[in-house]
Novice: 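Structure incoming, see below.
Given the structure is predicted, the values throughout are model-derived calculations rather than measurements. Heads up: numbering here begins at 1 and tracks the sequence. The analysis underlying the following values was restricted to heavy atoms, covering all of them including side chains, and did not include hydrogens, waters or symmetry mates.
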Amino acid sequence: MNLILFRKIIIISSLTETELISRLSKIVDLKKKTFSFSNPDPAKQYVGKIESRQFKIHRIIKGRNSFIPIIQGNIINNLSTRSIELKMRLHFIVILFLLWVSGLIIFYLIKQNVYTGLLFIGLLFGMTTFFFNQECNKSTKDLENIFID
């Protein structure tokens, strides 16, 4: 299990750049859905944007999940293969919220001179790391199936 809320993965593919972008655009919905509770197109598993060799996407799910990684990808041309560099991170607002909650807990514990509550911060970090890694693994499997021929 990765203990940092960031993951970098490189996928090697023998497909051409146009084939990779074509496969990616088949599963990425380029429209932003502000208040949508369902996915109208079940073939689209991701939402985001694709610009030439770069893309920024995240999975479409039913309901809410703050641990879904934001995936930034870059297609790099090599001699006979293409490398797809994926950077997965937790959403910035979720990181800010976790830091704010942790700061409030630490402030309260220092003010009360009680330090057993630090276990709660460890539990919060452990749960966040576990669920983020679960979502990263799901997205990695999906993208490997798409990019590897």
Side-chain angles (χ1 to χ4, degrees), residues 1-13 15 17 20-77 82-148:
M1 181 184 331
N2 193 356
L3 292 179
I4 300 174
L5 299 175
F6 176 82
R7 189 179 286 188
K8 184 176 179 181
I9 298 168
I10 297 176
I11 300 173
I12 307 294
S13 178
L15 300 172
E17 182 180 330
L20 290 172
I21 293 172
S22 170
R23 285 188 178 194
L24 188 62
S25 57
K26 285 180 185 175
I27 62 153
V28 174
D29 192 356
L30 301 176
K31 300 175 201 119
K32 278 277 197 192
K33 293 174 184 57
T34 309
F35 292 105
S36 173
F37 293 105
S38 65
N39 185 10
D41 188 359
K44 306 287 186 174
Q45 302 168 1
Y46 291 84
V47 65
K49 61 181 179 178
I50 303 170
E51 296 174 349
S52 67
R53 294 182 185 163
Q54 298 178 345
F55 55 92
K56 185 175 182 180
I57 59 175
H58 65 274
R59 272 188 339 117
I60 299 173
I61 62 164
K62 209 173 200 178
R64 300 281 177 205
N65 187 345
S66 298
F67 304 107
I68 291 181
I70 305 296
I71 304 167
Q72 291 180 309
N74 190 16
I75 299 172
I76 302 166
N77 285 322
R82 259 46 72 222
S83 299
I84 301 98
E85 183 179 280
L86 303 173
K87 295 178 184 176
M88 300 182 187
R89 65 170 175 79
L90 203 57
H91 197 283
F92 186 68
I93 302 223
V94 175
I95 293 171
L96 287 178
F97 177 76
L98 291 172
L99 289 173
W100 179 70
V101 168
S102 300
L104 285 176
I105 292 170
I106 290 172
F107 176 74
Y108 177 77
L109 293 175
I110 290 173
K111 190 174 180 181
Q112 298 295 324
N113 282 334
V114 179
Y115 298 104
T116 56
L118 291 176
L119 293 174
F120 180 73
I121 293 175
L123 179 66
L124 181 68
F125 180 73
M127 288 175 48
T128 302
T129 303
F130 176 77
F131 290 120
F132 174 74
N133 283 322
Q134 291 293 325
E135 292 298 328
C136 280
N137 291 339
K138 289 177 189 176
S139 293
T140 301
K141 284 181 187 176
D142 287 347
L143 294 173
E144 282 179 345
N145 289 337
I146 293 163
F147 290 137
I148 297 177

Novice: What's the spacing between Ile9 CD1 and Leu86 CG if we round to 0.5 Å?
Specialist: 6.0 Å
Novice: Has the side chain of Lys138 got a donor or acceptor atom that lies under 3.5 Å from a matching backbone atom of Asn133?
Specialist: no
Novice: Side chains of Gln72 and Gln54, heavy atoms from C-beta outward: is any pair under 4.5 Å?
Specialist: no
Novice: Do Glu17 and Arg82 meet the salt-bridge criterion of a basic N to acidic O distance under 4.0 Å?
Specialist: no
Novice: Going by side chain to side chain contact (heavy atoms under 4.5 Å, CB included), Gln45 matches just one of Leu143, Ile60, Asp142. Which one?
Specialist: Asp142
Novice: Which donor-acceptor pairs under 3.5 Å do the side chains of residues 90-107 make with protein atoms, sequence neighbours left out?
Specialist:
unit_1, atom_1, unit_2, atom_2, d
His91, ND1, Ile93, N, 3.2
Ser102, OG, Leu98, O, 2.8

Novice: I need the Ile10 CD1 to Ile12 CD1 distance, nearest 0.5 Å.
Specialist: 6.5 Å
Novice: Considering only heavy atoms from C-beta outward, does the side chain of Phe147 approach that of Leu15 to under 4.5 Å?
Specialist: no
Novice: What pair of heavy atoms forms the shortest contact from Ile21 to Ser52, and how long is it?
Specialist: CD1-O, 3.1 Å
Novice: Heavy atoms, side chains only, cut-off 4.5 Å: are Arg89 and Lys87 in contact?
Specialist: no
Novice: Flag the pair Asn65 / Phe131 as yes when at least one side-chain heavy-atom distance between them is below 4.5 Å, and no otherwise.
Specialist: no
Novice: Does the pair Lys141/Glu144 count as a salt bridge with the N-to-O cut at 4.0 Å?
Specialist: no
Novice: Could you tell me if the side chain of Met88 sits less than 4.5 Å from the side chain of Ser139, heavy atoms only?
Specialist: yes
Novice: Can you check side chain to side chain contact (heavy atoms under 4.5 Å, CB included) on Phe125 and Thr129, steps first, answer last?
Specialist: CA-CA 6 Å; Phe125 180 73; Thr129 303; 3.6 Å; yes
Novice: Could you measure the distance from the NE2 atom of His58 to the CD1 atom of Ile71? Nearest 0.5 Å is fine.
Specialist: 9.5 Å
Novice: Donor-acceptor pair, distance only, cut-off 3.5 Å: does the side chain of Arg23 make one with the backbone of Ile146?
Specialist: yes
Novice: Taking all non-hydrogen atoms of both residues, which atom of Val28 and which atom of Gly48 are closest, and how far apart?
Specialist: CG1-N, 3.9 Å
Novice: If I take atom CD1 from residue Ile148 and atom CD1 from residue Ile84, how far apart are they, to the nearest 0.5 angstrom?
Specialist: 8.0 Å
Novice: Considering only heavy atoms from C-beta outward, does the side chain of Leu24 approach that of Phe55 to under 4.5 Å?
Specialist: yes
Novice: Any chance you could measure Thr128, atom OG1, to Leu123, atom CG, to the nearest 0.5 Å?
Specialist: 9.0 Å
